[in-house]
Amino acid sequence: MKKTIKLFVLTLIFGFFIFPVIDVHAQEAVGSPPVKQTNVEPAVAKSIDEEITTESVEVSDDVLLDEDITAEDLGVNNQRLLPTSPYYPVKTIWRGFRSILTFDPAKKVELILRYANEKLIEAKQVAEGKDNPEIVVKALERYKKDLKDISKIVEKSSVEIKAGTENFADRMIDYSFKQQKLIDGIEKSLTPEQFERVNVVREDGLDYFSQTINNLIEPEQISQRIINVIDAQKGSDFKDFKNIEVLKIIGEKAPEQAKQAIQQAQENTVQRLQDKMTNMDEGEGNKFKEYI
């Protein structure tokens, strides 16, 4: 049984994460553009189908731990006035007014990042009510617009922002990974059509994030900065699995000068997860299967 679990784990890691990395490097070596990897390898999907044969899938405690991103995790408070309120437009106008009157680029990106996090928490709070999925999606789309605004400001004023803020790039990395995990949790309450819209939010948001860190961090420093930040984050023993998911999307969206650094961060995280999985006992292996 223990060997079966380890074989399942290694097959999953190798097929889902390592093959795309090898494929990218191989094609770069011959001068061909990398092929976007979007689906789980057939062998891995077959392995999952054979190993997990329950009639219904319950979310494991470890997944809940990794997806239960709180307002405190994002440096904001739970929101009293939600998009379901008829008075919410007043809140929107006030946010826009404050943003317009904040002229210092460093203070402006800090303010907009806070608003982006607040909008995510608003989306989470509404989603917990389970009766307004369309409002949830619109809240996420407003969050994406904030990330776009941050990207534009950083592109124009990266020098001022680096000089005027303390570790903004590291906080942007930290929040971006947490934001993606929070969105993972929200998606479970949406219809397929709404899920597709949220997927656009996710990909566009990571695109803006990639542009932002590329303008704030030297390419040779990106990999280590990302690894340092995600290492310090709380989560389950399997948190690297979700971090790799985010890194895969970031790697596809990153500007060319940053792709190699993102791939290096992905490879290092894959290796760390693989080392952990190959040394786990049967109980841990079963927990990981539930997590998947």
Side-chain angles (χ1 to χ4, degrees), residues 12 15-17 19-20 23-24 33-42 44-46 48-49 52 56-60 63-64 66-69 74 79 82-84 88 92 112-113 115-152 175-212 241-255 259 262 266 291-292:
L12 180 64
F16 190 57
F17 296 129
F19 268 142
D23 182 66
V24 168
V35 177
K36 187 186 240 184
Q37 301 287 335
T38 57
N39 297 315
V40 176
E41 295 291 328
V44 178
K46 185 173 184 294
I48 294 173
D49 290 340
I52 303 175
S56 63
V57 178
E58 295 184 359
V59 181
S60 76
V63 171
L64 291 174
D66 287 342
E67 292 180 352
D68 186 23
I69 303 300
L74 294 176
Q79 300 298 293
L82 300 176
T84 50
Y88 187 77
T92 300
I112 297 175
L113 180 58
Y115 288 160
N117 285 336
E118 288 179 350
K119 289 170 187 176
L120 269 184
I121 294 301
E122 290 171 356
K124 179 184 178 183
Q125 290 178 235
V126 174
E128 288 169 349
K130 301 183 185 299
D131 56 352
N132 287 293
E134 181 62 25
I135 293 179
V136 172
V137 176
K138 288 182 178 179
L140 293 174
E141 289 172 342
R142 288 191 290 269
Y143 145 80
K144 182 186 77 171
K145 182 181 180 301
D146 286 342
L147 296 187
K148 181 179 180 180
D149 291 343
I150 290 171
S151 176
K152 288 182 177 179
Y175 287 152
S176 291
F177 276 78
K178 290 174 180 176
Q179 289 164 358
Q180 297 308 309
K181 294 172 186 178
L182 187 151
I183 292 173
D184 278 345
I186 291 176
E187 282 179 334
K188 294 178 176 59
S189 64
L190 304 178
T191 66
E193 293 78 11
Q194 292 161 341
F195 182 91
E196 288 300 319
R197 288 167 60 190
V198 172
N199 196 46
V200 172
V201 169
R202 177 194 298 280
E203 294 202 357
D204 287 351
L206 286 173
D207 192 3
Y208 299 136
F209 162 71
S210 296
Q211 296 171 25
T212 298
F241 191 88
K242 282 192 171 293
N243 288 334
I244 295 168
E245 285 185 300
V246 179
L247 284 167
K248 278 171 63 66
I249 303 174
I250 294 174
E252 294 170 356
K253 297 292 184 178
K259 279 187 182 296
I262 301 295
Q266 179 182 328
Y291 188 93
I292 300 304

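This structure is a prediction, so every number in the text was calculated from the model and none was measured.
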(request) To the nearest 0.5 Å, tell me how far K144 NZ sits from K119 NZ. (result) 13.0 Å
(message) As an exercise, state the distance from CG of D149 to OH of Y115, rounded to the nearest 0.5 Å.
(response) 12.5 Å
(message) Go through it in stages, so that I can follow the logic: the residues are E128 and K124, the test is side chain to side chain contact (heavy atoms under 4.5 Å, CB included), and I'd like the CA-CA distance, side-chain angles, deciding distance and then a yes or no.
(response) CA-CA 6 Å; E128 288 169 349; K124 179 184 178 183; 3.4 Å; yes
(request) Report the distance from atom CD of E122 to atom CD of Q79, rounding to the nearest 0.5 Å. (result) 5.0 Å
(message) With a 4.5 Å cut-off on side-chain heavy atoms, are L74 and L182 touching?
(response) yes
(message) Are the side chains of I183 and E187 in contact, using a 4.5 Å heavy-atom criterion?
(response) yes
(request) Flag the pair F209 / L206 as yes when at least one side-chain heavy-atom distance between them is below 4.5 Å, and no otherwise. (result) yes
(request) Report the C-alpha distance between N199 and E203 in whole Å, list the side-chain angles of each, state the deciding distance to 0.1 Å, and finish with yes or no for side chain to side chain contact (heavy atoms under 4.5 Å, CB included). (result) CA-CA 6 Å; N199 196 46; E203 294 202 357; 3.9 Å; yes
(message) Would you compute the distance between atom NZ of K138 and atom CD of Q194 and round it to the nearest 0.5 angstrom?
(response) 10.5 Å
(message) Could you report the tightest heavy-atom contact between S210 and A254, atom names first, then the distance?
(response) CB-CA, 3.8 Å
(message) In the structure I gave you, are the side-chain heavy atoms of V198 and L190 within less than 4.5 Å of one another anywhere?
(response) yes
(message) Ignoring hydrogens, what is the shortest heavy-atom contact between A116 and L147? Give both atom names and the distance.
(response) CB-CD2, 4.4 Å
(message) Under the criterion side chain to side chain contact (heavy atoms under 4.5 Å, CB included), I'd like the reasoning laid out for N243 against F177: C-alpha separation, chi angles, the key distance, then a yes or no.
(response) CA-CA 7 Å; N243 288 334; F177 276 78; 3.5 Å; yes
(message) To the nearest 0.5 Å, what is the distance between CZ on R202 and OH on Y143?
(response) 9.0 Å
(message) Quick test of your reading of the model: are D146 and R142 salt-bridged, counting only N-O distances below 4.0 Å?
(response) no
(request) Looking only at non-hydrogen atoms, find the nearest pair between G251 and K259 and report the distance. (result) O-NZ, 2.9 Å
(message) Tell me whether K148 is salt-bridged to D207, with the criterion being a basic N under 4.0 Å from an acidic carboxylate O.
(response) no
(request) Give, for atom CD1 of I249 and atom CD of Q266, the distance between the pair rounded to the nearest 0.5 Å. (result) 10.5 Å
